[in-house]
Structures are given as structure tokens and as C-alpha cells.
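As the structure is a prediction and not an experimental result, all values here were calculated from the model. So you know, we letter chains A, B, ... as the sequences are listed, proteins then strands, and number each from 1.
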2 protein chains.
Amino acid sequence: MKLTILGCYAATPRTFTNPTSQVLEIKNRLFLIDCGEGTQVQLRKNKIKFSKINHIFISHLHGDHFFGLVGLVSTFSLLNRTTDLHIYGPEGVKDIILLQLKLSNAWTNYGLFFHELKSLDSEIVYEDDKVIVKTIPLKHRVYTNGFLFEEKVGERKLNVAAVQQHKIETCYYQNIKNGKDITLDDGAIIPNTALTFDPDATKSYAFCSDTIYHEAIIPLIKNVDVLYHESTFLQSEEALAKKTFHSTAQEAALIAQKATVKKLILGHYSTRYDSISSFKAEAESIFSSILLADDGKTFEF
Amino acid sequence: MKLTILGCYAATPRTFTNPTSQVLEIKNRLFLIDCGEGTQVQLRKNKIKFSKINHIFISHLHGDHFFGLVGLVSTFSLLNRTTDLHIYGPEGVKDIILLQLKLSNAWTNYGLFFHELKSLDSEIVYEDDKVIVKTIPLKHRVYTNGFLFEEKVGERKLNVAAVQQHKIETCYYQNIKNGKDITLDDGAIIPNTALTFDPDATKSYAFCSDTIYHEAIIPLIKNVDVLYHESTFLQSEEALAKKTFHSTAQEAALIAQKATVKKLILGHYSTRYDSISSFKAEAESIFSSILLADDGKTFEF
């Protein structure tokens with residue numbers, strides 16, 4: 001899994017900081033999460049191939065999370081894209097994009113599919129043979145979802161020495177990888193665990209932005225490998241965080257601790273702070289494994 | 001008059017080039033013309049005060065000319081703007097902006113006024129005591145206007161020596177500046193021309209983008225000081241220019257020549273060209289006073 005932060009600052013784009021957008025590479029799939037203004041330029045700067053993006057997840061309809069979407073959709077057309085594009089986001093995102101395409105008389109030359117979300121419960125929004133994506137209902141000023149990306153458990157791994165020792169024919173291998181026991185010609189049953197190793201450990205990533213401190217998400221993100229949780233403010237601005245339905249670095253750390261995640265990445269910093277190092281210091285008083293997102297930074301797990 | 005080019009490249013924003021947007025400073029007013037994605041960052045980079053922009057003119061609803069508008073409107077809110085903002089653009093621009101503000105539950109805290117355009121004839125869209133702005137109907141794939149910015153003729157200038165010589169009382173000065181002749185107590189009439197000098201010469205700027213070669217605009221931009229005319233293509237791509245309702249550098253120069261403008265600024269270059277110098281070379285074969293727009297460049301006249 002590789003996470004590229006295209007932008008992780010709150011509110012307005014500035015000369016050297018960008019609003020929220022990130023790319024998650026998982027099992028050779030690229031998922032774009034949020035799409036603030038300027039995302040297409042950030043994709044170019046970070047040398048991410050436009051053609052590899054087929055699924056875009058939008059957390060909520062505040063401008064710093066989606067104002068770059070219509071430009072990206074249009075640019076895909078100009079680049080003669082033909083592959084389908086799927087957009088997952090709150091109800092209304094379709095109207096916004098289609099109205100602009102209609103008025104510019106510029107329909108896409110590729111299939112554009114909207115999966116509009118309105119459920120207040122977690123739901124599966126994407127699934128293929130290797131990856132599953134679920135929503136994480138968040139609590140913000142408008143309808144908002146985080147997203148949980150999970151690798152599916154793969155097949156069990158063949159213990160080649162063991163199957164050869166038992167002279168098992170290759171036509172049974174797939175059954176064995178699927179977890180079946182094997183009955184030999186002499187009637188002896190070889191348990192699957194004697195013929196296989198555990199599959200690779202699966203990885204999971206949870207994106208949670210924007211949200212007030214909200215313990216209801218804890219069961220949904222329990223034990224994830226990496227949690228990105230917004231920390232718009234420091235604890236000194238706790239009242240402002242509550243008022244605007246945002247979290248502080250300390251609150252993000254508390255969520256990480258209670259959900260026993262492996263790593264916490266902080267982001268969505270208010271532009272009022274000169275430096276982001278205070279976010280790490282504050283969060284580390286609660287939770288030890290803290291990373292700071294920053295524009296252009298990549299994380300591999 | 002000072003023109004700042006925030007962006008002057010066609011189609012998609014790239015790492016080092018921006019879609020159309022420019023700021024015209026005229027008689028201490030700042031007018032923003034078009035607002036492609038990333039305009040607010042370009043305004044910051046070029047150190048243009050957000051608070052001085054009260055009027056935004058949108059030529060047409062292709063993304064590279066207005067996708068940055070909603071972000072700018074939102075940022076004005078975040079900056080606690082209270083001054084009215086006026087947006088002049090094609091019918092539909094209001095729906096686009098309001099739908100997005102509605103869905104993000106983020107109405108502006110300042111007066112936001114839309115002046116939607118649909119006339120196929122030139123019309124006055126803005127006027128105050130010193131400046132007048134008229135549309136220049138262009139011919140493109142969607143409804144498009146250029147804009148003509150003209151300084152109004154000021155008062156005549158008092159010839160102080162002459163009025164003193166005739167012992168004219170100061171209460172008559174305003175009448176004299178307004179062009180009136182003066183009758184002295186002895187009945188002698190002093191013609192205004194003997195008491196005044198001509199007012200400062202007025203300046204005018206015409207923005208014409210996007211458009212196919214379109215001679216109907218010539219009477220509207222006749223003798224302007226500066227014409228910005230799109231030149232998306234070189235003459236080698238003439239067929240493509242016709243097909244996409246754009247102009248070549250040569251065609252822009254021909255319009256400049258026929259309208260006997262003083263200076264022509266070329267812009268809206270297709271990103272297919274590695275260098276923009278060929279645009280100047282091509283246009284100079286027709287018209288001598290050619291300038292090349294480029295992002296971040298300023299022109300003072």
C-alpha cells in the first residue's frame with residue numbers, strides 16, 4: 001500500500017499548500033480520495049498517471065474537498081479517456097458535475113458513473129476480488145463519509161514440500177489453496193493446515209476527514225494498519241474545533257488509541273498555524289505512532 | 001492601465017501553466033477577467049489583494065475560463081469579505097455557483113450579485129464615473145463574450161493662467177471644466193478652448209477570448225489601445241482552429257490590423273506547442289506591434 005498526499009490543508013488553496021486530496025495505491029489499484037481545487041496539477045507534480053484513476057471517493061461537499069473534481073473530469077475528456085470513471089460521493093455531486101458539463105456543452109467521451117451516498121450507516125461502496133471499500137459515517141457540518149480500504153484475505157499458500165511429499169496431484173492444488181483438506185487414496189485425511197501456509201496479512205487504510213471527535217467510528221476502524229484522521233486544530237482551539245465540527249490533534253490521537261490502530265497520520269491542518277510540528281507533539285502525548293501528512297509526501301506500508 | 005496575466009494557456013492547467021485569468025487595473029479599479037482553476041493561487045502569487053476585486057467578468061462557460069470561480073467566491077467568504085461582489089457572465093453561471101454553495105451549506109456573508117448575459121449584441125454591462133465596460137459578442141462553440149474596458153473622457157483641464165488673466169471667479173471653474181464658454185461682466189464671450197486644455201487621453205482595452213476569426217468584432221474594438229486576442233493555434237493548425245472555433249496567431253494579427261489597434265497581445269496558447277515564440281513570429285508578418293502574454297507577466301500602458 002502506498003499513500004500519496006496531494007494536499008492536506010484545510011480551507012483555501014495557497015501558494016504552497018493544497019486542499020485535501022490523496023491517492024491510495026493498493027493491490028495495483030489507484031483510488032483518488034477527495035479532490036480539492038488544483039488536484040489535477042498536484043497529480044501531475046507527483047507523476048501519477050491520470051489513466052490509472054478509475055475510482056474517486058468524495059468525503060463531503062465542502063469546496064476544499066471537491067472543487068477540483070469538475071476540472072479533473074473535464075481534463076480526462078481532453079486526454080481522450082475512454083475507460084469508465086466511477087465517482088462515489090454525497091447526493092448532489094452528480095448534479096454539480098453534470099450541470100457544469102451541460103453548460104459547457106462538453107459531455108465526457110467516457111462512461112461517467114456516479115454512486116451517490118446518503119446512508120447514515122457504514123456500507124460497502126466498492127468491491128472487487130482483492131479490495132473492498134466501505135464508508136465510515138462521520139459527523140461534520142454537512143453529510144460526510146470517511147472511507148475504509150481493506151485488502152481481502154487472499155488464498156492460502158501452498159506448502160510445496162508437503163504436497164509433493166504426499167504425492168498430491170496438481171489438479172487438487174486450487175482446492176487446497178481454497179482451504180480444503182485432502183483425502184489420499186489410502187483413505188488418510190491430510191488437514192489443510194499441513195499443506196498450506198497462512199495467506200499474506202491483509203492491510204487496511206481508513207480515511208477520516210472532516211469530522212468532529214466521534215467515537216462511533218471506533219468499531220469501524222478497529223485495528224486498521226493506518227488511520228488518516230483530520231486534526232484541523234490544536235487543543236488550544238478546542239472550542240473552535242467543536243463549533244466547526246472539526247477535531248484537534250489530541251482528539252485524533254485519542255481515536256487512534258481507542259481503535260488500537262497501528263499508525264496515525266494527521267492532516268487537514270488549519271492554515272492559521274505557521275508550523276505543523278506542534279500537531280505531532282500534541283498527538284504523541286496520547287498515542288506513540290504519529291506521522292504528519294504534508295503535500296507531496298508519500299507513505300508506504 | 002495595468003494588465004496582469006494570471007493564466008493564458010488553453011485547456012487543462014499544468015504544473016507550470018495556468019488556464020485563462022487576468023486582472024485589469026484601470027483608474028484604480030481592479031477587474032478580474034475569467035477565472036480558470038487555480039486563479040486564487042495565481043492571485044496570491046502575483047500579490048493581488050483579494051479585497052480589491054469587486055467585479056468579475058466571465059467570457060464563457062468552458063472550464064478553463066471559470067472552474068476557479070466557485071473556489072474564489074468561497075475563499076472570499078472564508079476571508080470574511082463584506083463588500084458586494086458582482087459577477088458578469090453567461091446565463092447559467094448563477095446556477096452553477098449557487099448549487100455548489102447550497103450543497104456545501106456555505107452561503108456567502110457578502111452580497112453576491114450575478115449579471116447574466118444572453119444578448120447577441122454588444123451591451124454596456126458596467127459603468128461608473130470613470131470607466132465603462134461593454135460586451136464584445138464572440139463566435140465560439142458556446143455563447144461567449146469578450147469585454148471592452150474604456151476609460152471615460154475626463155473633465156477639460158483648467159488653463160489656470162488664462163482664467164486668472166480674465167479674472168474669472170472660482171465659482172465658474174467647474175462650468176469651465178465641463179466645457180462651458182464664459183461671458184465676462186463686459187459682455188465679452190471667452191470660448192472654452194481659450195480657458196482649458198484637452199482632458200487626458202483615454203485608454204481602452206479589449207479582451208477577446210475564445211473566438212474563431214470573426215470580423216464582426218472589428219467595429220467594436222476599432223482603435224483600442226490594447227487588444228488581447230486569443231491565438232490558440234498557429235496557421236499550420238488552421239483547419240483545427242476552424243473546427244474548434246479558435247483563432248490562429250495570423251488571424252489574431254489580421255483582426256488587429258483591420259481594427260487598427262495600437263498593440264496586440266496574443267494568448268490562450270494550445271499546450272501542444274513547446275514554445276510560444278512562434279506565435280509572435282507568425283503574427284508579426286501581418287502586424288508589427290505584437291506582445292506575448294505569459295503567466296505572471298504584467299503590461300503597463
Side-chain angles (χ1 to χ4, degrees), chain A residues 10-19 36-47 50 58 60-79 89-106 140-144 245 270-271, chain B residues 10-19 36-47 50 58 60-79 89-106 140-144 245 270-271:
Chain A
T12 69
R14 299 179 303 172
T15 312
F16 296 109
T17 70
N18 295 276
E37 183 173 352
T39 292
Q40 54 179 319
V41 171
Q42 284 296 95
L43 285 169
R44 286 184 196 272
K45 281 189 185 165
N46 289 278
K47 302 196 190 313
F50 282 41
I58 301 293
H60 65 299
L61 296 181
H62 278 160
D64 56 334
H65 295 256
F66 86 97
F67 279 168
L69 182 59
V70 67
L72 187 59
V73 164
S74 301
T75 292
F76 280 145
S77 270
L78 292 168
L79 297 175
E91 254 190 325
V93 67
K94 180 176 177 177
D95 281 352
I96 288 173
I97 301 302
L98 293 194
L99 176 64
Q100 294 182 80
L101 294 181
K102 185 183 115 186
L103 286 168
S104 63
N105 198 17
H140 192 43
R141 302 195 303 277
V142 294
Y143 175 73
T144 306
F245 285 74
S270 162
T271 52
Chain B
T12 68
R14 298 180 304 172
T15 311
F16 297 109
T17 70
N18 296 277
E37 184 174 350
T39 293
Q40 53 178 320
V41 172
Q42 284 296 95
L43 285 169
R44 286 183 196 271
K45 281 188 185 164
N46 288 278
K47 302 196 190 311
F50 282 41
I58 302 293
H60 66 300
L61 296 182
H62 278 161
D64 56 331
H65 295 255
F66 86 97
F67 279 167
L69 182 59
V70 67
L72 187 58
V73 164
S74 299
T75 293
F76 280 147
S77 270
L78 292 169
L79 297 175
E91 254 190 327
V93 67
K94 180 176 176 178
D95 281 350
I96 288 173
I97 301 301
L98 293 194
L99 175 64
Q100 294 183 81
L101 294 182
K102 184 182 113 187
L103 286 168
S104 63
N105 198 17
H140 193 43
R141 303 195 303 277
V142 293
Y143 175 74
T144 306
F245 284 74
S270 163
T271 52

Side chain to side chain contact (heavy atoms under 4.5 Å, CB included) involving B/L78 - partner list, sequence neighbours excluded: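 Once residues adjacent in sequence are excluded, the partners of B/L78 under the side chain to side chain contact (heavy atoms under 4.5 Å, CB included) criterion are A/A11, A/T12.
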Heavy-atom pair of closest approach, residues B/S104 and A/L61: CB-O, 2.7 Å
Nearest atoms (heavy-atom pairs only) where A/L103 meets B/G92: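 Taking A/L103 first and B/G92 second, the nearest heavy atoms are CD1-O, 3.6 Å.
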Of all of [options], which one pairs up most often with chain B through heavy atoms under 4.5 Å apart?
options                      : value
A/K102, A/R141, A/Q40, A/Q42 : A/Q40
A/K45, A/E37, A/H60          : A/E37
A/G63, A/G36, A/G71          : A/G71

Which bit of [X] is near chain A, if near means a heavy-atom gap under 4.5 Å: side chain, backbone, both or neither?
X     : result
B/F66 : side chain
B/D64 : neither
B/T15 : both

Residue selection (most heavy-atom pairs with chain A, distance under 4.5 Å) from B/H65, B/H62, B/R14: B/R14
Closest-packed option against chain A by number of heavy-atom pairs under 4.5 Å, given B/V142, B/I96, B/T75, B/L99: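 Among B/V142, B/I96, B/T75, B/L99, the one with the most close pairs to chain A is B/I96.
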Residue from A/L72, A/L69, A/V70 passing side chain to side chain contact (heavy atoms under 4.5 Å, CB included) with B/F67: A/V70
Side chain / backbone / both / neither for A/T39 at chain B, heavy atoms under 4.5 Å: backbone
